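Written below as structure tokens is the structure these notes are about.
Model, not experiment: these values are computed from the prediction. Computed over heavy atoms, backbone and side chain alike; hydrogens, waters and symmetry mates excluded.
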Amino acid sequence: MNLSPEHHTFRNTFKTPFLAGLLFLFAYWLFGFDGITFSDDIYYLLAGQKFWEGTMEINDYHFSSRWGAYVPSGLIGFFLGFDPHKISLISFLSYGLTLFLLLKILPKSTPAWVLVLWFCTQVYFLHFLTKVYPDSLLVLWTCLVPAAAVYRKSNPAIAGFVLIAALFMGFLTKETIVLLGPFPILLFYLDWKKQNLNKTFYTAILVTGILLSVGYLGYFWIKFGDPLHRVTSINAGHYISEFTYADKGFWSIVKRLTILPIITFVERSYWAWMVFAIPGIALGLRSRKTPIVEFSLAFLCLLIGFWFMTSTLDFYNPIYLNPRHLIILVPILSMLIAMGWKEWKNSQNWKIFLIALLLLGVGISLIQMDLKMAFFNLALAAGVWFSNLKIFPIFMGVILIAPAIIAIPYQQKLKQYEHLINTLRTETQYTDSKQVIYTHSFLEFSKQVLLPEDAIAQELLIPMYQFPRNPSQFPKQIKVLIYDYYVHAYPEEQKDIEKISEWLDKNYQLMNTYKTGNINVSEYRLK
């Protein structure tokens with residue numbers, strides 16, 4: 001395998017796989033949109049709009065200084081209009097540029113179609129293709145770090161500058177990029193061991209890092225009187241919740257640091273990507289050749305960081321392995337899978353090892369009663385066993401692409417986003433201005449995106465937990481809108497439904513109720 005940096009050009013043989021992958025991603029973006037996620041993306045959508053209107057203010061909330069998360073997306077909204085689907089084009093651009101970058105540095109002897117196939121089919125990776133989240137933009141900056149290191153001998157000054165600039169832009173987008181902080185240090189150690197240090201490259205890293213750090217810390221010093229204000233706000237933004245471990249006892253932390261990551265990787269379909277990347281990682285660490293060693297180091301930094309990193313500096317609390325955060329692993333894993341593809345295909349020992357790990361995933365899925373994921377890993381294990389057959393490439397393509405395609409109608413049917421928008425518009429339009437609509441807190445939180453430029457309609461939506469306690473404040477008529485999707489995405493809001501139902505039974509008479517799609521609307525009159 002020729003892994004020398006002289007071969008890192010975008011060859012004509014890679015153009016067809018790239019265009020096919022780009023077309024697939026665009027089609028997925030175009031037809032796979034299932035609406036917003038009623039969560040952090042609301043903030044970024046609104047922050048981007050405010051920024052380009054000139055009304056955005058940086059404050060103590062750490063999301064407000066994630067410029068990389070909302071400035072580029074807000075620019076798209078500025079030109080194309082405030083539409084969540086159109087604004088999510090920024091995620092498509094991030095994915096497309098990342099795919100181009102990976103293929104540009106892919107060694108000539110490496111199967112490009114393998115990289116494209118694994119890059120374009122991870123279901124969580126694709127799910128956030130149509131969303132406005134910092135994680136989808138972080139995909140590009142994360143890959144640019146090891147990619148820049150590939151050129152540290154041919155273009156050392158530029159490579160050093162780009163590597164640190166990518167880390168910096170990544171930090172402006174989301175702090176997860178700090179997991180790659182050890183990468184330049186590990187790279188320095190390897191080059192030093194090989195007695196192959198390029199002083200210009202590491203000088204560029206040092207100088208660029210100092211200049212950007214001084215400028216960044218200086219901004220917060222001038223604006224807030226504390227150069228570490230950003231660090232403090234990040235720390236304050238991570239608190240005890242249902243997704244933390246430090247408050248749930250010693251064994252909760254032990255479970256999180258041992259078996260829980262593996263279960264998460266299997267449940268969220270990252271397991272197969274990690275298993276098939278292992279031969280590439282082994283090859284990279286053994287050969288220490290470019291570009292496979294750089295991507296092996298980058299993945300190990302991310303994996304160890306995700307596994308052991310704390311979410312707060314006040315005490316040790318391992319970060320919650322949100323499957324959305326893990327999407328930045330997919331492009332790097334895809335690169336490693338492609339570069340190690342021939343390694344395992346020509347080795348019976350590697351095949352047995354991969355099959356064993358995939359069957360472990362099957363076992364975990366069966367214990368979790370997840371038959372779909374069990375079948376997925378079992379099919380991949382069968383693919384490895386019969387990898388010498390001519391039908392193998394088609395079989396693997398079907399196994400990887402089918403779940404990605406099936407996920408589109410499944411999620412759209414489950415969510416019925418367009419129907420939700422139409423129902424909200426209808427109900428608010430035909431509701432008296434004095435008649436409020438009690439609904440889920442996640443819908444009320446999202447009302448500026450769900451009902452943009454309609455302040456009157458937005459004011460009618462009230463979260464269910466805010467019903468009045470004082471009888472003198474009871475409205476004469478109210479509506480209650482229940483969106484069945486909450487059972488899937490926000491099951492904790494069942495408590496709000498139970499509390500308001502008890503209040504309604506005591507004080508109101510049901511006048512009318514109807515169900516439309518996955519939405520129940522009920523009208524009540526005060527007894």
Side-chain angles (χ1 to χ4, degrees), residues 37 39-41 43-44 47 61-73 90-91 94-95 97-98 122 124-125 127-129 131-148 163-186 209 212-213 216 230-239 241 243-245 256-257 260-261 264-265 268 270 273-274 295 297-313 316-335:
T37 59
S39 186
D40 297 356
D41 56 341
Y43 182 91
Y44 298 116
Y61 187 41
H62 67 291
F63 278 23
S64 69
S65 48
R66 284 180 176 174
W67 294 288
Y70 61 79
V71 173
S73 59
I90 190 65
S91 297
S94 173
Y95 285 19
L97 288 172
T98 303
Q122 212 280 339
Y124 275 92
F125 187 72
H127 180 73
F128 291 98
L129 170 62
K131 305 295 184 292
V132 182
Y133 268 98
D135 309 271
S136 57
L137 281 79
L138 199 61
V139 162
L140 175 61
W141 305 122
T142 300
C143 282
L144 193 55
V145 172
L163 189 152
I164 296 301
L167 286 172
F168 181 71
M169 289 301 300
F171 191 76
L172 293 184
T173 304
K174 190 173 182 180
E175 303 75 37
T176 312
I177 198 75
V178 300
L179 302 183
L180 279 178
F183 177 79
I185 300 173
L186 294 175
L212 290 177
S213 297
Y216 186 73
R230 174 80 169 117
V231 177
T232 304
S233 66
I234 294 171
N235 197 47
H238 292 84
Y239 39 78
S241 71
F243 300 117
T244 56
Y245 305 92
R256 163 60 183 81
L257 295 178
L260 195 57
T264 299
F265 296 147
R268 306 304 185 178
Y270 289 95
W273 272 252
M274 292 182 172
F295 280 82
L297 288 178
F299 169 70
L300 291 175
C301 286
L302 292 174
L303 179 63
I304 293 171
F306 274 125
W307 204 298
F308 296 104
M309 186 74 171
T310 179
S311 64
T312 176
L313 300 177
Y316 184 64
N317 181 65
I319 57 176
Y320 167 62
L321 291 177
N322 189 324
R324 167 166 57 88
H325 301 166
L326 298 174
I327 67 172
I328 62 173
L329 295 172
V330 173
I332 291 179
L333 287 171
S334 301
M335 186 75 166

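With rounding to the nearest 0.5 angstrom, the CG atom of L138 is 5.0 Å from the CD1 atom of I328. For the atom pair CZ (F171) and OG1 (T176), the distance works out to 10.0 Å, reported to the nearest 0.5 Å. Of the inter-residue distances, the one linking L137 atom CG with L172 atom CG reads 12.0 Å to the nearest 0.5 angstrom. Separating the CH2 atom in W273 from the CZ atom in F125 is a distance of 10.5 Å, to the nearest 0.5 Å. One finds the CG atom of L97 at 9.0 Å from the CH2 atom of W141 (value rounded to the nearest 0.5 Å). Taken from CD1 in I319 to CZ in R256, the straight-line distance is 6.0 Å, to the nearest 0.5 Å.
Contact check for M335 versus F299: no side-chain heavy atoms found under the 4.5 Å cut-off. With a 4.5 Å cut-off on side-chain heavy atoms, D41 and S39 count as touching. Under the 4.5 Å side-chain criterion, counting only non-hydrogen atoms from C-beta, R268 is not in contact with L326. Side-chain contact between W67 and V71: present, with at least one pair of heavy atoms (C-beta onward) separated by less than 4.5 Å. When side chains are defined from C-beta on, L303 counts as touching F265, because their heavy atoms get closer than 4.5 Å. Residues P146 and L297 have side chains not in contact (no heavy-atom distance under 4.5 Å, counting atoms from C-beta outward). For the pair Y316/Y245, no side-chain contact is recorded, criterion being any heavy-atom separation below 4.5 Å from C-beta on.
Judged purely by atom type and a 3.5 angstrom limit, T98 uses its side chain to pair as donor or acceptor with the backbone of S94. In this structure, the side chain of R66 does not engage the main chain of P134 through any donor-acceptor pair within 3.5 Å. Without hydrogens or angle criteria, Y70 side chain to Y43 main chain gives no donor-acceptor distance under 3.5 Å. Between the Y270 side chain and the L329 main chain, no donor and acceptor come within less than 3.5 Å of each other. T310 contributes a side-chain N or O that, together with a main-chain N or O of T312, makes up a donor-acceptor pair within less than 3.5 Å.
Under the side-chain hydrogen bond (donor to acceptor under 3.5 Å, both in side chains) criterion, S91 pairs with S136, sequence neighbours left out. With sequence neighbours excluded, the residues that form a side-chain hydrogen bond (donor to acceptor under 3.5 Å, both in side chains) with Y133 are T37. Taking the salt bridge (charged side-chain N to carboxylate O under 4.0 Å, His left out) definition, one finds that D135 meets it with K174, R324, sequence neighbours left out.
Taking the six-membered ring where tryptophan is involved, the planes of Y124 and F128 are essentially parallel, since the angle between them stays under 30° and well short of 60°.
Side chains of N317 and S311: a donor-acceptor N/O pair is present below 3.5 angstrom, by distance only.
Of the residues listed (I177, L144, L212, T142), the one engaging L167 in a side chain to side chain contact (heavy atoms under 4.5 Å, CB included) is I177, and it is the only one.
Here the shortest heavy-atom pairing between G68 and T173 reads CA-OG1, 3.5 Å. Summarising the geometry of C143 relative to I332, their closest heavy-atom pair is SG-CG1, 4.0 Å, with the distance given to 0.1 Å.
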### Message
Determine whether Y320 and H325 satisfy the following criterion, side chain to side chain contact (heavy atoms under 4.5 Å, CB included), listing intermediate values before the conclusion.
### Response
CA-CA 9 Å; Y320 167 62; H325 301 166; 5.7 Å; no
